[in-house]
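Take a look at the structure set out below.
This structure is a prediction, so every number in the text was calculated from the model and none was measured.
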Amino acid sequence: MVASYAHPSLRPFPLPPKLPSPCSHLLSFKTLSSLSPTTPTSASADYNHIIQSLCNNGDLHRALHLLPQERHPTQRTYEALILACARRNAAALGAAVHRRLVEDGFDRDPFLATKLIDMYAHLGALDDARNVFDETPEKTIFVWNALLKALALADVAEEALALLREMGRRGVAMDSFTYSHALKACIASSSHPPLAADRVREIHGHAVRRGFESRVHVGTTLVDCYAKLGLVSYAERVFDEMPERNVVSWTAMIACRAKNERPFDALDLFYQMMVSEPDVSPNSVTMVSALQASAGLAALGQGKIMHAYILRKGLDSILSVFNALIAMYMKCGSLNTALRLFDSMSGRRDVVSWNSIISGYGSLGFGAKAIQVFEEMVESGIKPSSITFVSVLGACSHSGLVEEGKRLFDSMSQVYGLTPRAEHYACMVDLLGRAGRLDEAAEIIKEMRIEPSPKVWGSLLGACRIHGRVELAEMACTHLFELEPTNAGNYVLLADIYAEAKLWEEVGRVKKLLEERSLEKVPGCSWIEVKKKIYSFVSVDELNPQIEQLHALLIQLVMEMKKDGYVPNTKVVLYDLDHEEKERILLGHSEKLAVAFGLINSGKGEVIRITKNLRLCEDCHSVTKFISRFASREILVRDVNRFHHFKDGVCSCRDYW
DNA sequence: TTAGGGTTAG
C-alpha cells in the first residue's frame with residue numbers, strides 16, 4: 001500500500017476532553033485564599049498533603065506559600081517541592097527549599113540528597129550538586145549514581161570518570177545504573193574517538209566480569225556507545241549476544257546502522273524485527289530511525305510503506321516522526337510531498353522542520369528559495385540554530401550566491417548571537433572556493449579564531465580540484481594528511497588534481513602513499529529503487545546479470561551522443577592509460593550503469609531516481625544530460641553533496657557544483 | 001528513588 005499526504009488518518013485527532021483547571025478538585029480558590037500565611041491556620045489542616053498535591057499539579061507558588069504553615073514537613077513533601085522546582089527551572093526557589101530542608105534537619109537524608117543532586121544538575125548548578133554530595137554522610141548507591149549522571153551529562157565528563165575511579169577505590173558496589181552513566185561519560189569525555197573507544201572497552205570488560213552485560217539497559221547503552229564511535233561490528237556483537245532485547249535495543253541497533261553508512265542493513269534489521277519479534281512493536285523512535293535509513297538509501301518506495309504504517313499507528317502526531325518524514329521525502333527528491341507535509345503542520349513546526357526545508361531547497365539548487373524560507377522562519381518567530389546556518393550557507397554555496405552567503409555569515413553573530421563554528425567556516429570556504437575565489441577562501445582560514453577542522457581544509461581541497469590549483473591543494477593536504485591520515489578520499493582528490501595537470505609522477509607518488517598506508521579508495525557505488533526493490537551497481541560491474549544489456553544500451557547512447565559532438569571526458573580517469581581504455585572505464589561508471597538499468601526496467605513516464613555514494617563524475621553528468629533529452633526522461637541523481645535534476649538536456653545545477 | 005534508542009547539516 002502506498003501512502004499519500006492526503007491519507008484520511010492525517011485528519012487531526014479528536015481533542016481530549018477539557019481537563020479540569022489545576023487543583024480544582026482539591027481546593028477552591030476561596031479555600032486557598034483563606035490559607036494564606038497571614039491567616040490563622042486550622043490545626044487540623046493536612047498541609048503536607050496539600051503541598052504535595054499543589055506541587056504535583058504544577059502550582060509551585062501556592063505550595064511554597066503554604067510551606068511555612070506546616071511545622072513538620074515530611075520527606076515526601078520536600079521531594080515534591082524539589083521535583084516541582086526542577087520542572088519549573090526555578091533555581092532561586094529550589095535553593096530556598098534546600099535551605100528550609102536543612103533547617104528541618106533533612107540534610108543527612110540520602111533520599112532527598114539524590115533528589116537535590118538531580119535538581120541542581122537539571123538547573124546546571126553542578127557545584128551545588130557536588131556540595132550536596134559532599135555533605136551527605138551516608139552515600140547510598142543512589143547518591144553516587146545521581147552525581148555520576150550529573151557529571152556525565154554535563155560538559156565535565158572527565159570528572160565523572162574520576163568519580164567512577166573514586167567509587168572503585170572506596171569499594172562502592174556499582175550497579176547497572178552506574179555502568180550506564182559511566183559509559184555515557186566515556187562518549188562525552190573525549191572528542192578523540194580512539195581514547196573514548198578505549199574507555200568504553202575498559203568499562204565493557206568490567207561489566208562483563210561483574211555480569212552486568214546481560215542487563216538490557218547496559219547492553220543497549222553499549223550498542224549505542226559503539227554506534228556513536230562508528231564501531232558497528234562491536235555494536236553488532238553486543239546486540240547479537242544480548243539475552244534479552246526490547247524495542248529500545250532494536251532501535252539502538254537500527255539507528256547504529258542508519259547513522260554509520262549502513263542504511264540497507266538498517267532496513268534489513270527493521271524488517272527482521274517486524275517479522276521475528278511479535279512482542280516488539282516499533283514506536284516513534286524506531287520509525288524515525290527506519291525513516292532515516294530509507295532516506296539514506298533514497299528508497300522512496302520503502303519510505304512510503306513506512307509512512308502508511310505511521311499513519312495507521314497514529315505516530316504522525318509526534319513531531320519528531322513528522323520531521324523525519326519531511327526529511328525522508330526531501331532526501332528522496334520528493335520536494336512537493338515534503339512541502340505539502342510541511343504546509344499541513346502550521347503551528348507546530350519547530351526549527352528542525354524549517355531546517356529540513358531550507359537544506360532541501362539548497363540541495364536541489366534553489367538557493368534563493370532557501371534564503372526566502374530562512375527569512376520566513378525568522379519572521380514566524382523561530383530562532384535559527386547553528387544547523388540552520390549550515391543549511392542556508394550550504395544552499396548559497398550550491399547556487400553560487402556568494403554575497404548573500406557572506407551577508408548571512410556576518411548576521412550569524414551580529415544579529416542572532418551565534419558564534420560560527422568550524423562547520424560554518426567550512427561552508428564559507430566551500431562557497432568562495434567553488435566560485436573560484438580561492439585566495440579569499442584561504443584568507444578566511446587564516447583569520448579563523450578556532451582551529452580549522454578537516455572539513456575546512458577538505459572544502460579548500462575540493463575547490464582546488466574544481467579550479468585546478470595544485471599548490472594550494474598541496475598546502476591543504478599537508479594539514480589534512482596530519483589531521484586525518486587514514487582518510488583515503490583526500491589522497492584520491494590530490495591525485496585527481498595532479499592527474500588533471502598531467503603530473504603523472506606526482507600521481508604515482510600519492511598512490512604509493514595510499515599503498516604504504518594500506519588505505520583504499522572508497523569504491524564508487526550507485527543504486528536505484530525499481531518497484532520497491534533496491535539495485536546497486538559498482539564500477540565495471542561484471543557480476544551484474546544484466547551487464548551486457550546495460551553496456552549495449554550505453555554504447556548505443558554514446559554513439560548517438562558523439563554524433564551530437566560529445567567527447568568523452570577521459571581526464572576524470574586517474575590512470576595513465578590509452579584513450580580507448582579510458583573510454584571503456586568511463587562507460588562502466590556505476591552511475592551510468594544505474595541510469596541504463598533505470599531506462600530498461602522502469603515505466604516510461606517514471607522519474608529515474610539514482611543515488612551515488614560519491615560526487616557525481618563530470619563525464620556521467622554530461623552523459624545523463626544527453627540521455628534526459630534523447631530518451632525524454634526526467635532523471636534525478638542524489639550524489640554525496642546535492643541533487644542533480646536532469647530534464648530536457650539540462651541539469652538543475654546548471655553545471656555549477 | 002535512578003537507566004537505554006530518535007528528527008535537521010557536514
Mind calculating the distance between [atom1] ([X]) and [atom2] ([N]) to the nearest angstrom?
{"X": "A:K383", "N": "B:dT8", "atom1": "NZ", "atom2": "P", "value": "21 Å"}
{"X": "A:L222", "N": "B:dA3", "atom1": "CG", "atom2": "P", "value": "18 Å"}
{"X": "A:K139", "N": "B:dT2", "atom1": "NZ", "atom2": "C1'", "value": "18 Å"}
{"X": "A:F111", "N": "B:dT1", "atom1": "CZ", "atom2": "P", "value": "7 Å"}
{"X": "A:I203", "N": "B:dG4", "atom1": "CD1", "atom2": "P", "value": "15 Å"}
{"X": "A:L83", "N": "B:dT2", "atom1": "CG", "atom2": "C1'", "value": "12 Å"}
{"X": "A:Y78", "N": "B:dT1", "atom1": "OH", "atom2": "P", "value": "21 Å"}
{"X": "A:H122", "N": "B:dA3", "atom1": "NE2", "atom2": "P", "value": "13 Å"}

Base, sugar-phosphate or nothing for [X]? Non-hydrogen atoms, less than 4.0 Å.
{"X": "A:S249", "value": "base"}
{"X": "A:K115", "value": "base"}
{"X": "A:A146", "value": "nothing"}
{"X": "A:D224", "value": "sugar-phosphate"}
{"X": "A:T114", "value": "base"}
{"X": "A:S176", "value": "base"}
{"X": "A:E79", "value": "nothing"}
{"X": "A:N283", "value": "base"}
{"X": "A:D175", "value": "base"}
{"X": "A:V216", "value": "base"}
{"X": "A:T178", "value": "nothing"}

Looking only at side-chain atoms of [X], point me to the closest of [options].
{"X": "A:H217", "options": "B:dG5, B:dA3, B:dT1", "value": "B:dA3"}
{"X": "A:K184", "options": "B:dG10, B:dT8, B:dG4", "value": "B:dG4"}
{"X": "A:T140", "options": "B:dG5, B:dT8, B:dT1", "value": "B:dT1"}
{"X": "A:V248", "options": "B:dG5, B:dA3, B:dT8", "value": "B:dG5"}
{"X": "A:V390", "options": "B:dA9, B:dT8, B:dA3", "value": "B:dA9"}

State whether [X] places a side-chain N or O below 4.0 Å from either non-bridging phosphate oxygen (OP1 or OP2) of [N].
{"X": "A:K331", "N": "B:dT8", "value": "yes"}
{"X": "A:Q292", "N": "B:dT8", "value": "yes"}
{"X": "A:K149", "N": "B:dG4", "value": "no"}
{"X": "A:S391", "N": "B:dT8", "value": "no"}

Exercise. Check if the side chain of A:T221 and the base of B:dG4 share a donor-acceptor pair of N or O atoms closer than 3.5 Å.
Key: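 Under the 3.5 Å cut-off, the side chain and the base do not form any donor-acceptor pair.
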
Quiz prompt | Check ion pair A:E79-A:R76 (N to O, under 4.0 angstrom) | solution =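 Answer for the salt bridge query: yes.
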
Quiz item: Can a salt bridge be assigned to the pair A:R170 and A:E166 using a cut-off of 4.0 Å between side-chain N and carboxylate O?
Solution: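 The answer is yes: the pair qualifies as a salt bridge.
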
Identify, with sequence neighbours excluded, every residue that meets salt bridge (charged side-chain N to carboxylate O under 4.0 Å, His left out) alongside [X].
{"X": "A:R209", "answer": "none"}
{"X": "A:K612", "answer": "A:E591"}
{"X": "A:R421", "answer": "A:E423"}

Exercise. For residues 129-139 of chain A, pull every pair meeting salt bridge (Lys or Arg N to Asp or Glu O under 4.0 Å), keeping only residues two or more places apart or in separate chains.
Key: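 Every salt bridge (Lys or Arg N to Asp or Glu O under 4.0 Å) pair that includes a residue of residues 129-139 of chain A, provided the two are not neighbours, is A:R130-A:E159.
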
Show the atom names and distances, to 0.1 Å, of all donor-acceptor pairs under 3.5 Å that link a side chain in residues 224-232 of chain A to residues at least two apart or in another chain.
unit_1: A:D224; atom_1: OD1; unit_2: A:K228; atom_2: NZ; d: 2.9
unit_1: A:D224; atom_1: OD2; unit_2: A:K228; atom_2: NZ; d: 2.6
unit_1: A:Y226; atom_1: OH; unit_2: A:H204; atom_2: ND1; d: 2.8

Quiz item: Which residues in residues 228-239 of chain A have at least one heavy atom lying under 4.0 Å from any atom of DNA chain B?
Solution: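 A:K228 - these, ordered by number, are the residues of the stretch whose heavy atoms sit under 4.0 Å from the strand.
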
Quiz prompt | Is_stacked (A:F142, B:dT1) at 5.5 Å, 30 deg | solution =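 It does: the ring sits over the base of B:dT1.
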
Practice problem: May I ask you to decide if the ring planes of A:W354 and A:F342 are parallel, tilted or perpendicular, using 30° and 60° as cut-offs? | Solution: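 The arrangement is perpendicular - the two ring planes meet at more than 60°.
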
Quiz item: Looking at A:P282 and A:M274, what are the two nearest heavy atoms and their distance?
Solution: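 The answer is CG-SD, 3.5 Å.
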
